[in-house]
Number of protein chains: 2
Amino acid sequence: MQYIKITDAIREQIQSGQLAAGTKLPSERKLAEAFKTTRVTLREALSLLEADGLIFREDRRGWFISQRPLIVSLSKPYDFNDVAVSQGRKPSTEVLSSDSMMANKESSEALSLPPFSDVFRFERVHGVDGRPVMYAEHYLRAERVPNLLQHGLEGDLSELYHSQWQLRFTKSCYRLVSTTFDKDVALATRSTSGSPAMKITKVNFDESGVAQEVVFEYWRCSAIELEMEAAFNLR
Amino acid sequence: MQYIKITDAIREQIQSGQLAAGTKLPSERKLAEAFKTTRVTLREALSLLEADGLIFREDRRGWFISQRPLIVSLSKPYDFNDVAVSQGRKPSTEVLSSDSMMANKESSEALSLPPFSDVFRFERVHGVDGRPVMYAEHYLRAERVPNLLQHGLEGDLSELYHSQWQLRFTKSCYRLVSTTFDKDVALATRSTSGSPAMKITKVNFDESGVAQEVVFEYWRCSAIELEMEAAFNLR
DNA sequence: CAGTGGTCTAGACCACTTC
DNA sequence: AAGTGGTCTAGACCACTGG
C-alpha cells in the first residue's frame, strides 16, 4: 500500500528530526512526484498524518509539521495563556466577536437557564507560537456580569470575572468528543473545514453551584494532549 | 461543494431518525450514483462523517450508522461493563492474548519500573451491542499480582485484583490524545487502519501511591464521549 | 460467484496565496 | 502571473465478504 509507505516515510523524517516543527512540507504535486504517485493517494497519506496529529494544514496554504501539543490538565482550572507560557510557548488571543443575546438551545441547556434568558456571547481564537490552535465560544449569564462587553476580553477571564464581579468558579464539568471543524470554526482558525478536532464543552459553576459560564472549545487535534487525575474513596 | 451536500444529506437523515443506529449504508457505488458523483468524492464525504462520529466502518464490510456514544466519566474509576450496562447497552469483552514479559519502554515509563522488570501484559477488545468499540492493552507489575495469568481476564478486573491480591486503586492518571487506528488495533476491532480514534492512557495507583497498572485504550471516536468534573479550592 | 470496499491512476478546473 | 491547495471526474484492479 502506497499511502502507508508515504506516511511511514514522512513520520520517520519527523521523528528523526529532519523535519522540524513548523516546517512547511513541499507542495502536494512535488511530494506526489517524489513518491511516484498521484495527488489523490498523497493526500490520503497526509490526511492520515493529520488525524494522527503529526502534521496540520492551513487552508490553501499547505501542510506543516506539528509543534508538540500543549498539555492541558483538567484537574485544575486552566487559563490558556498560563498553560502555554508554563510550557515555554508563546500564546496569543484574539477576540472575534462579542454581543448580548437571548440564550440559544445549546447555552440554555448547559446553563440550565429559564426560557428567554439573556446571555453574553463572545468568541476567541487562541494561538501558540503564531499559529491558531483553538477556537472558543463563551456564554455567560448576563445578570451575573453586567456590562461585560465594556471590558476587554483578550486577557485572563477568571481574573476579569473576579476583579469586576467577584465571580469565582469552584467547579467545572467537562464533556469531550472528537469531531471536525465546521466552516466557521475552520475560517477562524485558518484551518480547513473537515479537519479533525477535539471539542471540549466546559461548564463553570460559582460558589453557590450555579452554572455561570459555558465554553465550547474546538482544538486542532494535533495541538492538545489532555491530562487529568482522579483520586477515589474506597468503596 | 459536492461532499458537503452529501454529508448534510446523510447527517439529516440520521438526525431525523430515518437511518437508525446500526443500519448499514448502501454500497459506495450505489450511494455515489444516488448523489450523482464518483466514489472518490463520496468517500470523502463518508470519511468526514466518520471523523464526526456519525458513522463508522467495519473493514471491507461497509459503513454503518453509529450508536449513540458511551458516556465515560473519568471522575470515578470505570469498568467498561458497568458503564455500558448502566446506559442500557450490552457489553462484551474478549481477551485476545495474555503473557508475561520484560517491561518494554512504554510500560516501563508509565509504571516507573526499574530496568529488566517483569510485567504481565494482556489485550482485550470491548464491544457494545455486538460491535467492537475499544481495544485495551494492559500492563501490570508482575510481583504484585503473582499468577495473574491463571485467572480469567474477561470479567471485572478491579474485582479480580481485589479479591485475589487485595489490590485496590485509589488514584488514576489519564492522558488523552486523538490518533488513528494502526493495523493491529484495526484488525482487533474490525475497524480500518487509519480510522480516527481516541487514545486514553490510564495509570492506576494503589494505596501506597505505586503505579501498578497502565492501560492503553483505543476507542472508535464515535463510540465515546468523555465526561469529567473538577472541583477547585479557591486560590 | 457477484458485489463490495480498499487502493490507485491520470487527468481537470477554480479560487486563492504568494511573489 | 505562477503555483498551490481544494475539489471533482471516470475510470481501474484486487482481495475479501457474504450469500
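Just so it is clear, the values below take in all heavy atoms, side chains as well, and ignore hydrogens, waters and symmetry mates. Naming: A, B, ... by sequence-line order, numbering from 1 per chain.
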Check: Counting only side-chain N and O atoms of K30(B), is one of them less than 4.0 Å from OP1 or OP2 of dT4(C)?
Finding: yes
Checklist line | T38(A) side chain near dG11(C) phosphate (N/O to OP1/OP2, under 4.0 Å) | finding: no
Checklist line | Length of the CG-C1' vector between L42(B) and dT7(C), whole Å | finding: 15 Å
Check: So, is Q2(A) close to the dG6(C) phosphate, meaning a side-chain N or O under 4.0 Å from OP1 or OP2?
Finding: no
Notebook entry, point to check: Looking at E217(A) and K202(A), does any basic side-chain N land under 4.0 Å from a carboxylate oxygen?
Noted result: yes
Checklist line | Nearest-nucleotide 5' precedence on DNA chain C, R61(A) against E44(A) | finding: E44(A)
Notebook entry, point to check: For K5(A) and dG6(C), what is the distance between atoms NZ and C1' respectively, to the nearest whole Å?
Noted result: 15 Å
Check: Can we say D129(B) and R89(B) salt-bridge, meaning some charged N sits less than 4.0 Å from an Asp/Glu carboxylate O?
Finding: yes
Note to self: Is it the case that the base of dG5(D) and the side chain of R57(A) share a donor-acceptor contact (distance under 3.5 Å, atom types as modelled)?
What the structure shows: no
Next item on the list: Whole angstrom is fine here: how far is it from CD1 in I55(A) over to C1' in dG5(D)?
Entry: 13 Å
Next item on the list: Could you tell me the separation between the CG atom of D59(A) and the C1' atom of dG5(D), rounded to a whole number of Å?
Entry: 8 Å
Note to self: Salt bridge or not between R124(B) and E94(B)? Use side-chain N to carboxylate O under 4.0 Å.
What the structure shows: no
Notebook entry, point to check: Just checking, is any N or O donor in the side chain of Y135(B) or E123(B) under 3.5 Å from an acceptor N or O on the other one?
Noted result: yes
Margin query: On DNA chain D, does the nearest nucleotide to K36(B) precede the nearest nucleotide to R43(A) from the 5' side, or the other way round? Give the residue.
Written below: R43(A)
Next item on the list: Kindly say if T41(A) contacts the phosphate of dT9(C), meaning a side-chain N or O under 4.0 Å from OP1 or OP2.
Entry: yes
Check: Are D8(A) and R11(A) close enough for a salt bridge, meaning some N to O gap below 4.0 Å?
Finding: yes
Item checked: Contact under 4.0 Å: T37(A) side-chain N or O vs dC8(C) OP1/OP2 -> no
Margin query: Which label fits Y174(B) and Y78(B): parallel for a plane angle under 30°, tilted from 30 to 60°, or perpendicular past 60°?
Written below: parallel
Notebook entry, point to check: Between atom CH2 in W63(B) and atom C1' in dG6(C), what is the gap in whole Å?
Noted result: 11 Å
Check: T192(B) side chain N/O closer than 4.0 Å to the phosphate oxygens (OP1, OP2) of dG5(C)?
Finding: no
Notebook entry, point to check: Over how many whole Å does the gap from K183(A) atom NZ to dG6(D) atom C1' extend?
Noted result: 14 Å
Next item on the list: Take atom CZ of R29(A) and atom P of dA10(C), then tell me their distance rounded to the nearest Å.
Entry: 16 Å
Margin query: Just to be sure I understand the rule, does S27(B) reach a base, reach only the sugar-phosphate, or reach nothing, if contact means heavy atoms closer than 4.0 Å?
Written below: sugar-phosphate
Next item on the list: Please tell me which of the listed nucleotides, dT7(C), dT4(C), dG5(D), lies nearest to the side chain of M1(A)?
Entry: dT7(C)
Margin query: Of the options dC8(C), dG6(C), dT18(C), whose atoms approach the side-chain atoms of Y3(A) most closely?
Written below: dC8(C)
Checklist line | Closest listed nucleotide, where the reference is the side chain of V40(B) and the choices are dG6(D), dC8(C), dG6(C) | finding: dC8(C)
Note to self: Just to be sure I understand the rule, does R60(B) reach a base, reach only the sugar-phosphate, or reach nothing, if contact means heavy atoms closer than 4.0 Å?
What the structure shows: base
Note to self: Using a heavy-atom cut-off of 4.0 Å across all strands, would you classify R39(B) as base, sugar-phosphate, or nothing?
What the structure shows: base
Notebook entry, point to check: Could you give the CG-to-C1' distance, from L31(B) to dT4(C), as a whole number of Å?
Noted result: 12 Å
